[in-house]
Amino acid sequence: MVVDLDEMGPTSAKSYPGVRPVSAIEAGPHGPHEGRAKQEIDYGRRGKGYIFGALQAATGEVLTAPYPGRTIANRVDFLERVDAWLPPEAERIYAILDNLDTHRATDVLLFNLAHPRWEFVFQPKYAAYLTLIEPWWKTLRSLALKGRRFETWDEICQAVAEATAYWNAHRHPFVWGRGRARRRRAARQPGIAAWPNVA
């Protein structure tokens with residue numbers, strides 16, 4: 001069984017932009033016209049933390065847990081949660097991780113010794129995008145955070161829990177490269193070029 005592990009964050013309690021701000025109608029010397037879309041600046045100093053996540057790409061099932069910091073103790077606690085979450089009949093668990101220091105800490109490696117069915121597979125440096133949980137974070141941000149304002153860290157934790165439950169209720173296998181909408185250009189006919197734009 002393969003499981004991708006990572007952290008999203010730091011995530012702050014603030015306003016997250018939605019799809020598109022609404023333009024304001026402004027009065028000008030030549031009549032009303034659309035003004036520039038405005039959005040209040042929100043620096044979000046109302047609490048922050050990290051969302052730890054585990055993704056089984058084969059089934060699409062996800063486990064998330066909020067933590068106030070990205071510490072070694074929190075990493076080991078999350079690994080214990082993941083171990084309890086995964087089916088006990090799985091003989092071998094391959095955990096895909098990036099090269100963060102907390103992923104290679106002594107306590108994490110001791111967890112690996114205490115749980116012989118686990119094997120850590122570290123991504124090459126500067127290639128963290130190869131793990132499938134990275135594009136899934138974009139999906140989680142869209143489901144939980146996009147277009148909403150959060151006053152406290154607890155509100156973010158609640159929104160992430162609801163989004164994770166929604167995803168798991170509607171899950172599907174997560175395939176690398178297919179989670180994004182691809183833009184397709186119309187195929188050009190060979191030998192026909194476009195005329196340059198002449199001003």
Do [X] and [Y] have side chains that approach each other closer than 4.5 Å (heavy atoms only, starting at C-beta)?
X	Y	value
Val108	Thr102	no
Lys14	Arg149	no
Phe111	Glu80	yes

Tyr166: ring-ring contact (aromatic ring centres under 6.0 Å, His included) partners, not counting sequence neighbours: His170
Set of residues satisfying side-chain contact (heavy atoms from CB on, under 4.5 Å) with respect to [X], sequence neighbours excluded:
X	result
Asp154	Thr152
Ala84	none
Ala95	Val3, Leu5, Trp118, Phe120

Sequence neighbours excluded, every pair satisfying ring pair (Phe, Tyr, Trp, His ring centres under 6.0 Å) that has a member inside residues 82-108: none
Under the side-chain hydrogen bond (donor to acceptor under 3.5 Å, both in side chains) test, which residues partner [X], sequence neighbours left out?
X	answer
Arg70	none
Glu155	none
Thr71	Asn74
Glu162	Gln158

Side chains of residues 54-69: which donor-acceptor partners sit under 3.5 Å, not counting sequence neighbours?
residue, atom, partner, partner atom, Å
Thr59, OG1, Glu61, N, 3.3
Thr64, OG1, Thr164, OG1, 2.8
Tyr67, OH, Asp77, OD2, 2.5
Tyr67, OH, Phe78, N, 3.4

Ile51 side, atom CD1; Asp6 side, atom CG - distance, nearest 0.5 Å: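 The CD1 atom of Ile51 sits 12.0 Å away from the CG atom of Asp6.
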Same cluster (ILVMFWY, side-chain, under 4.5 Å), [X] and [Y]:
X	Y	value
Met1	Phe174	no
Leu86	Leu132	no
Trp153	Met8	yes
Trp167	Val82	no
Leu79	Ile96	no

Donor-acceptor contact below 3.5 Å, side chain Arg92 vs main chain Pro116: yes
Minimum-distance pair of heavy atoms, taken over all atoms of Asp98 and Phe122: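 That closest heavy-atom pairing would be O-CD2, 3.5 Å.
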For Arg117, salt bridge (Lys or Arg N to Asp or Glu O under 4.0 Å) partners two or more places apart: Asp83
Transitive ILVMFWY cluster of Leu110, excluding itself - 4.5 Å side-chain cut-off: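 Answer for Leu110: Leu113.
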